[in-house]
Participant: 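Structure in structure tokens, see below.
Just so you know, these numbers use all the heavy atoms, side chains as well, and skip hydrogens, waters and symmetry mates.
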Amino acid sequence: MMEEEELEFVEELEAVLQLTPEVQLAIEQVFPSQDPLDRADFNAVEYINTLFPTEQSLANIDEVVNKIRLKIRRLDDNIRTVVRGQTNVGQDGRQALEEAQKAIQQLFGKIKDIKDKAEKSEQMVKEITRDIKQLDHAKRHLTTSITTLNHLHMLAGGVDSLEAMTRRRQYGEVANLLQGVMNVLEHFHKYMGIPQIRQLSERVKAAQTELGQQILADFEEAFPSQGTKRPGGPSNVLRDACLVANILDPRIKQEIIKKFIKQHLSEYLVLFQENQDVAWLDKIDRRYAWIKRQLVDYEEKYGRMFPREWCMAERIAVEFCHVTRAELAKIMRTRAKEIEVKLLLFAIQRTTNFEGFLAKRFSGCTLTDGTLKKLESPPPSTNPFLEDEPTPEMEELATEKGDLDQPKKPKAPDNPFHGIVSKCFEPHLYVYIESQDKNLGELIDRFVADFKAQGPPKPNTDEGGAVLPSCADLFVYYKKCMVQCSQLSTGEPMIALTTIFQKYLREYAWKILSGNLPKTTTSSGGLTISSLLKEKEGSEVAKFTLEELCLICNILSTAEYCLATTQQLEEKLKEKVDVSLIERINLTGEMDTFSTVISSSIQLLVQDLDAACDPALTAMSKMQWQNVEHVGDQSPYVTSVILHIKQNVPIIRDNLASTRKYFTQFCVKFAKSTALSSVI
């Protein structure tokens, strides 16, 4: 029974000592130990086997038992000491807890005292800052009140002074005072609900109205609308009145400018009435001479009367231009049948010169007021003073090499006055276009007559295929017309001139180039299969003479020159015309015409050489090769072909030296034609 009770006790003890893995891990971290007895998975059997691994080791069993007993006693002593040490722990813990609670109560009391003191300090600061804010607001209000009172005093005094000075016409003082009064009045916009302030504002407006009416009356008295009598010199009163007008409603300034310019140009309208002899185009110089004298007179008498920013001299010139354009348009409509080309060009030249004079003297700043409608894309400058006229040396160089091959000049700055007067001539430019049509027709007829009179060019292989002189003359005349017309207009007249150019480019290609190509006995359509199948043995084929070969080469070189120059002419026309009209300029058809002339010339050269070689090729095709017993170095027909090639090709090569690509085309076409003829 005792043994069973002991076993139950051991099992209960083991059950009590069974700890969770987390607790066991914590114990091992706090009290690390290498003793097997301290391990959680301690096994007594393994431990005994470790102590007594063999039977011989049982001899020391007593010693081992003693050591274990000693360890047990030490553990008992340690446990006893620890248990005794924990006897007073509960009492000490309660005492420490009470002391901690007392300390917390004391700390809470101190925190509450600090909080109370902080609230009292905050209340005190608020009271202090409230007083300071009240003082700041009072200071700000006081400053505003003083400033407003000062402004009110200045406004009231200024209005009184303004009314008094207005009655005495002291415009010099009024100009300075009025601006100040208006600046001060801006500070009272938010006080307009106050009757006194509103009354002062109405007085200022009334003074401005009275000033405007008074200044207009003074100018009307100084520059009456009726009559041409003018005061002898500038007036200081009117000069100061202009300074006041700068501050008043802009309509006052515009009215002054309008009346002064109208009075200044009244004499012009009388002198150059439609029924006067000086009003016609042949005396247009007198119009521009008159305005130049008036501008000089204005600078001497009234230059200091008007402020510089008014640009009165430019405004007078611009209004003169508008009046002149209207008057010229009216008189040209009435006498349209009397307008001749020379007279029209004379008037346009003098007008563009005058517009150039205006561009040099004035900036054009007044044109933004709507006096002249600006083009969306301004045309290139046509001011004759800004673009040099072509010199005789340049004309001679253009005759030799082509004027359109010259490098481009840098564009001159735009003339803001371009067209301000000369626009009136545009509806009558049909006279100029018809004249150029007639002149170009006569020029083409002269080219035809000169060519017939001079005959074909003399053979001269050193020239390298010179172009016909007439083509250079034609394009020089084209450039002259193009530049002249662009100075007159960059609109529809340029399109009409382009149509004239196209017409006579085609006529030149037909009458001068194609019309003078030598004729052959074969079809002009070129080589055909039937021509290659000729069976007429011994018949003589008409060949071109040396002069005719040179003529064909010269016509080919001329057509090549005309083709390249026509392309450049198209580019130049597009530069001169308005942007909206560029798409209407197209010389592709004329360039195709010159290309056709080139192809026809090459075809004639190929046809001529092929006709010369054809008898030999025919003989070769008729030879009975099966009867030939011996083969020589060179057959007779080969010798004949080589002879014809040596006669024609060097001449063609030398005359097409300047157009190598077309000589190459000739060689390629001849080779293809010979190969086809041999096969057939």
Side-chain angles (χ1 to χ4, degrees), residues 340-345 389-406 429-460 463 465-485 488 493 496-519 547-548 550-566 568-570 572-573 587 589-591 593-594 596-598 600-601 655:
E340 299 178 353
V341 176
K342 292 183 178 180
L343 179 61
L344 181 65
L345 293 180
E389 293 291 333
T391 62
E393 293 77 5
M394 293 173 60
E395 300 249 355
E396 182 179 355
L397 179 61
T399 304
E400 296 178 358
K401 296 186 63 178
D403 57 312
L404 297 178
D405 292 333
Q406 298 176 8
L429 287 179
Y430 67 89
V431 178
Y432 171 79
I433 301 300
E434 292 174 354
S435 173
Q436 296 306 322
D437 188 4
K438 179 181 178 182
N439 293 340
L440 283 170
E442 294 175 354
L443 187 64
I444 294 296
D445 293 340
R446 181 168 62 85
F447 289 161
V448 174
D450 291 345
F451 190 90
K452 291 180 179 180
Q454 296 174 3
K458 301 299 180 182
N460 186 358
E463 292 182 3
V467 299
L468 300 179
S470 58
C471 72
D473 295 339
L474 178 66
F475 283 103
V476 168
Y477 190 82
Y478 271 11
K479 180 186 179 182
K480 179 182 177 182
C481 294
M482 179 181 63
V483 173
Q484 195 172 43
C485 187
L488 308 181
L497 184 66
T498 302
T499 304
I500 299 298
F501 285 175
Q502 291 174 305
K503 172 184 175 182
Y504 289 102
L505 282 174
R506 292 191 297 270
E507 287 201 11
Y508 186 83
W510 295 334
K511 294 182 179 181
I512 308 298
L513 301 182
S514 296
N516 289 301
L517 283 174
K519 302 297 187 294
E547 291 80 4
E548 290 175 334
C550 293
L551 174 61
I552 294 174
C553 293
N554 288 348
I555 290 177
L556 191 153
S557 299
T558 302
E560 190 270 339
Y561 170 84
C562 292
L563 175 62
T565 312
T566 301
Q568 298 173 10
L569 175 65
E570 181 181 13
K572 290 290 184 180
L573 287 170
L587 303 183
E590 288 66 36
M591 288 187 277
T593 301
F594 289 117
T596 302
V597 174
I598 293 173
S600 300
S601 301
N655 281 274

Participant: Among residues at least two apart in sequence or on other chains, which ones pass ring pair (Phe, Tyr, Trp, His ring centres under 6.0 Å) with Phe501?
Facilitator: Tyr478
Participant: Taking the side chain as everything from C-beta on, heavy atoms only, tell me whether Phe594 gets closer than 4.5 Å to Thr558.
Facilitator: no
Participant: Specify the closest pair of heavy atoms between Ala559 and Val597, including all atoms of both residues, with the distance to one decimal.
Facilitator: CB-CG1, 3.8 Å
Participant: Search all heavy atoms of Ser600 against all heavy atoms of Leu517 and return the closest pair with its distance.
Facilitator: CB-CD1, 4.2 Å
Participant: Hey, are the side chains of Asp450 and Ser470 touching, using non-hydrogen atoms and a 4.5 Å cut-off?
Facilitator: no
Participant: Report the distance from atom CG of Leu440 to atom CZ of Arg446, rounding to the nearest 0.5 Å.
Facilitator: 11.0 Å
Participant: Nearest 0.5 angstrom please: Glu442 CD to Asp437 CG, how far?
Facilitator: 10.0 Å
Participant: With rounding to the nearest 0.5 angstrom, report the OG1 to CH2 distance, Thr596 to Trp510.
Facilitator: 10.5 Å
Participant: What pair of heavy atoms forms the shortest contact from Cys471 to Tyr561, and how long is it?
Facilitator: SG-CD2, 3.5 Å
Participant: Heavy atoms, side chains only, cut-off 4.5 Å: are Lys511 and Asp445 in contact?
Facilitator: yes
Participant: Hey, what do you get for CE (Met482) to OG1 (Thr498), rounding to the nearest 0.5 Å?
Facilitator: 9.5 Å
Participant: State the CD-CG distance between Gln502 and Leu573, to the nearest 0.5 angstrom.
Facilitator: 9.0 Å
Participant: For residues Tyr432 and Pro493, determine if any side-chain heavy atom of one lies less than 4.5 Å from a side-chain heavy atom of the other.
Facilitator: no
Participant: Which heavy atom of Leu513 sits nearest a heavy atom of Ile555, and at what distance?
Facilitator: O-CD1, 3.6 Å
Participant: Looking at every heavy atom in both Cys481 and Leu497, which two are closest together, and how far apart are they?
Facilitator: O-CD2, 3.7 Å
Participant: Between Leu468 and Phe447, is any pair of side-chain heavy atoms under 4.5 Å apart?
Facilitator: no
Participant: Roughly how far, to the nearest 0.5 Å, is the CD1 atom of Ile552 from the CG atom of Asn516?
Facilitator: 11.5 Å
Participant: Taking the side chain as every heavy atom from C-beta outward, state whether Leu443 and Leu474 have any atom pair closer than 4.5 Å.
Facilitator: yes
Participant: Can you see which heavy atom on Cys562 is nearest to which on Tyr508, and at what distance?
Facilitator: SG-CE2, 4.0 Å
